[in-house]
Undergrad: 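Structure incoming, see below.
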Number of protein chains: 2
Amino acid sequence: MTDRTARPRDTPRTRPAKAPLSREAVIAAALRLVDETGTGAVTMRRVAQALDTGPASLYVYVADRDELMAEVYDLALAGVRLPGPADGDWRAQLELLVDRAITTLGGHDGIALVAITRAPTGPNALRLLEASMTLLRAGGIDDSLCPWAADLLDQFVTSSALELAARLRHQRVLAATGDSADATEAAMSAAAGSELDAAYGNLSPDTHPTITALLPAMTTAGRDSHGHATWKLGVIIDGLLLHHRRR
Amino acid sequence: MTDRTARPRDTPRTRPAKAPLSREAVIAAALRLVDETGTGAVTMRRVAQALDTGPASLYVYVADRDELMAEVYDLALAGVRLPGPADGDWRAQLELLVDRAITTLGGHDGIALVAITRAPTGPNALRLLEASMTLLRAGGIDDSLCPWAADLLDQFVTSSALELAARLRHQRVLAATGDSADATEAAMSAAAGSELDAAYGNLSPDTHPTITALLPAMTTAGRDSHGHATWKLGVIIDGLLLHHRRR
DNA sequence: ACCTGAACACCGTTCAAGT
DNA sequence: ACCTGAACACCGTTCAAGT
C-alpha cells in the first residue's frame with residue numbers, strides 16, 4: 001500500500017515508476033482479484049488495470065485467460081502445508097491434508113473451478129498428489145488402486161471446496177445486505193439455508209414421502225458444515241479400507 | 001428442418017409464421033444448444049437466434065441467464081429413469097440411479113456446472129433426491145445420516161458428470177482434429193490421456209517417488225473410466241454401510 | 001525486441017418506443 | 001399488453017504501429 005512512497009530518495013533508475021511486469025506478478029494480481037471480487041469477476045482487463053497497464057500487455061506473459069487461471073489455481077494450492085509424522089498416523093495426516101486443501105481452495109472463491117475443466121498439472125498439484133498417494137500407500141491401499149483412490153479424494157476436495165466457496169459467497173452477500181447489527185454467524189447460516197428449507201418444506205408427503213419424513217434431519221444437515229465434510233471424508237476412507245487393503 | 005414447408009396448405013391462422021415463444025420453448029432450445037455447441041457457447045443471443053427472435057424477447061420468459069441454465073439443468077435430469085425392484089436390491093438400484101444420473105448429465109456437456117453454483121431445487125432434482133434417500137433408508141442408513149449421505153452421493157454425481165463431459169469434449173476435439181481414418185476409440189482415449197502421462201512421466205524419483213513408482217498404474221487408471229466410476233461409487237457405499245447402519 | 005492503442009467480434013441486460 | 005430495436009457497459013484476443 002505504501003510501497004511507492006516508502007523510499008522517496010530512490011533514484012528513478014532503481015525505483016521504476018511502476019513494478020515491472022512479469023508472469024509471476026500477473027498471476028499474483030489475478031489471485032488477489034479472485035479473493036477481492038470473486039472468480040467470475042476476474043477479467044483480463046481488470047487484472048491489467050490492477051497492474052497499471054492495458055489488457056494486451058498480459059499476453060506477453062500468459063497465453064490466454066485459461067492458462068492464467070490454471071496458474072492462479074496452482075498458486076492457491078501453494079498455501080497448503082503438508083502434514084508430517086507429528087500430526088499422527090497416515091489416516092490422521094491424510095484427513096488433515098484433505099481438510100487443508102478444501103479450506104485453502106474454498107477460501108479463494110471459485111478457483112477450484114479450474115480443476116473441473118482441465119486436470120491440474122502444476123507443481124503444487126503434483127506435490128499434493130505425491131503426498132496423498134504416499135499416505136494411501138502407507139495405509140496399505142493396494143498399489144494398483146492408489147491412483148484411483150487419489151482421484152476419488154481429489155474429486156472430493158474440488159467439489160467440497162466449491163461448496164465451501166459458494167457458502168462463503170452467500171454469507172458475504174447476506175452480510176452486505178442485512179443489518180450488520182444482528183448478522184451473527186448463526187443467523188447468517190440459518191438465512192443461507194432458508195431457501196433450500198422452503199423448497200423441501202413445500203413438498204407433499206404423497207409425492208415425496210422420504211424427504212418429508214426426514215425434514216428435521218435435512219434442515220439441520222447444513223448447520224455444521226465442517227463436521228459434515230469431515231464425516232464424508234471419513235466415509236470415503238472407511239470405504240477404501242474395507243476391501244482394498246494390501247494383504 | 002422441413003417443418004416450415006411440411007403443411008403448405010395450413011392457413012396463417014392455424015400455422016403461425018414461427019412457433020410461439022414460451023418458457024418451455026426457450027429452455028428446450030437452450031438444452032439443444034448445450035448439446036450442439038457446449039455449455040460455454042450457450043448465450044442469450046444464440047438461444048434467441050435459434051428461436052428466430054432477438055435476445056431481449058427471452059427476458060419475458062426467464063429472469064436471466066442463470067435462471068435459464070438452472071431450468072436447462074432440471075430438464076436434462078428429466079431424462080433419468082428411476083430404477084425399480086426389477087433392477088435388484090436397494091444397493092443395485094442405488095448404483096443404477098447414480099450411474100444413470102452421471103451418464104445423463106455428462107451427456108449434456110457441462111450442464112452439471114449449474115449444480116455447483118446453486119443447489120438445484122427443480123422438480124426433477126427433488127424427484128431424484130427423494131429416490132436416493134428412499135433407497136438409502138431401505139439400505140438401513142440411519143435417518144439422521146440419510147441427508148448427509150444423499151449429499152455425498154450428489155457431490156459424486158455432479159463431479160463425475162463434469163469429468164465425463166470433459167472427457168467427451170476432449171475426444172470430440174481430437175476426432176475433429178486428427179485424421180478420421182485411424183481415430184479409433186482406443187487411439188482417442190490414449191491420446192486424451194497423453195498430456196497427463198507426460199506431466200507424470202517427466203517427474204524425478206527424488207522429488208516424487210510415489211508417483212514415479214506407481215506410474216504404470218497411473219497411466220492405465222484413465223483407461224476404463226466407467227469401471228473407475230463404478231469402483232468409486234462402490235467405495236462410497238461401502239463406507240456408508242460400515243459404521244452408519246441402523247441397528 | 002518489447003510493448004500497447006485501437007479495433008474486432010462478441011457478451012448480458014435494459015428500456016424506450018413500437019404494435 | 002406484449003414484444004423488440006437499439007443502446008449501454010462490458011468481454012477476450014489480435015495486430016499494426018509505435019518505442
Side-chain angles (χ1 to χ4, degrees), chain A residues 12-13 15-34 36-73 109-111 113-114 116-118 169 173, chain B residues 12-13 15-34 36-73 109-111 113-114 116-118 169 173:
Chain A
R13 274 227 306 169
R15 181 186 55 80
K18 60 182 185 183
L21 252 57
S22 69
R23 188 173 165 92
E24 287 69 34
V26 171
I27 295 164
L31 180 56
R32 234 172 294 131
L33 225 47
V34 165
E36 290 166 10
T37 67
T39 316
V42 175
T43 66
M44 299 301 274
R45 291 172 126 92
R46 278 207 253 251
V47 173
Q49 198 176 31
L51 292 166
D52 261 318
T53 184
S57 304
L58 302 181
Y59 290 84
V60 177
Y61 305 101
V62 294
D64 53 27
R65 187 181 185 278
D66 262 22
E67 190 192 279
L68 172 56
M69 294 311 275
E71 291 288 354
V72 171
Y73 173 85
D109 194 63
I111 193 62
L113 274 170
V114 173
I116 277 170
T117 317
R118 40 160 80 190
R169 191 167 42 239
V173 170
Chain B
R13 274 226 304 171
R15 182 187 54 81
K18 59 181 186 185
L21 252 59
S22 68
R23 188 173 165 90
E24 287 68 33
V26 171
I27 295 163
L31 179 57
R32 232 173 295 130
L33 225 47
V34 165
E36 290 167 8
T37 67
T39 315
V42 176
T43 66
M44 299 302 274
R45 292 171 125 92
R46 278 206 253 252
V47 173
Q49 198 176 33
L51 293 166
D52 262 317
T53 184
S57 305
L58 303 181
Y59 289 85
V60 177
Y61 306 101
V62 295
D64 53 26
R65 187 181 185 278
D66 262 22
E67 191 193 278
L68 172 57
M69 295 311 274
E71 292 288 354
V72 172
Y73 172 84
D109 195 64
I111 193 61
L113 274 171
V114 172
I116 277 170
T117 316
R118 42 161 78 188
R169 190 166 44 237
V173 170

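Every chain is numbered from 1, with letters handed out A, B, ... down the list of sequences.
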Undergrad: Name every donor-acceptor pair, under 3.5 Å, that has one atom in a side chain of residues 40-49 of chain B and the other anywhere in the protein, sequence neighbours excluded.
TA:
unit_1	atom_1	unit_2	atom_2	d
B:T43	OG1	B:R46	N	3.1
B:R46	NE	B:A41	O	2.9

Undergrad: On the nucleotide C:dC3, are OP1 or OP2 found under 4.0 Å from the side-chain N or O atoms that A:S57 carries?
TA: no
Undergrad: Rounded to whole Å, how long is the line connecting atom CG of B:L58 with atom P of D:dC3?
TA: 12 Å
Undergrad: Could you write out DNA chain C as dot-bracket? Rules: Watson-Crick or G-U wobble, both distances under 3.5 Å, brackets [ ] for crossings, | for pairs with another strand, dot for unpaired.
TA: ||.|||||...|||||.||
Undergrad: What residues, two or more places apart in sequence or in another chain, satisfy side-chain hydrogen bond (donor to acceptor under 3.5 Å, both in side chains) together with B:S57?
TA: B:T53
Undergrad: For A:A70, give me all partners under side-chain contact (heavy atoms from CB on, under 4.5 Å), at least two apart in sequence or on another chain.
TA: A:V114, A:R118
Undergrad: Give every residue pair that meets the salt bridge (charged side-chain N to carboxylate O under 4.0 Å, His left out) criterion with at least one member in residues 62-72 of chain B, sequence neighbours excluded.
TA: B:R23-B:E67, B:R23-B:E71
Undergrad: Checking B:D109 side chain against B:T39 main chain: does a donor-acceptor pair fall under 3.5 Å?
TA: yes
Undergrad: Apply side chain to side chain contact (heavy atoms under 4.5 Å, CB included) to residues B:V72 and B:L33 and explain how you reach the verdict.
TA: CA-CA 10 Å; B:V72 172; B:L33 225 47; over 6 Å; no
Undergrad: In whole Å, I'd like the distance from the CG atom of B:D52 to the P atom of D:dC3.
TA: 15 Å
Undergrad: Where along nucleotides 7-19 of chain C does protein come under 4.0 Å, by heavy atom, of base (B) or sugar-phosphate alone (S), with - for untouched nucleotides?
TA: B---BBBBB----
Undergrad: Just N and O in the side chain of A:T53: are any of them under 4.0 Å from OP1 or OP2 of C:dC3?
TA: no
Undergrad: Any side-chain heavy atom of B:M69 sitting closer than 4.5 Å to one from B:V34?
TA: yes
Undergrad: Can you see which heavy atom on A:V26 is nearest to which on A:Y61, and at what distance?
TA: CG2-CD1, 4.2 Å
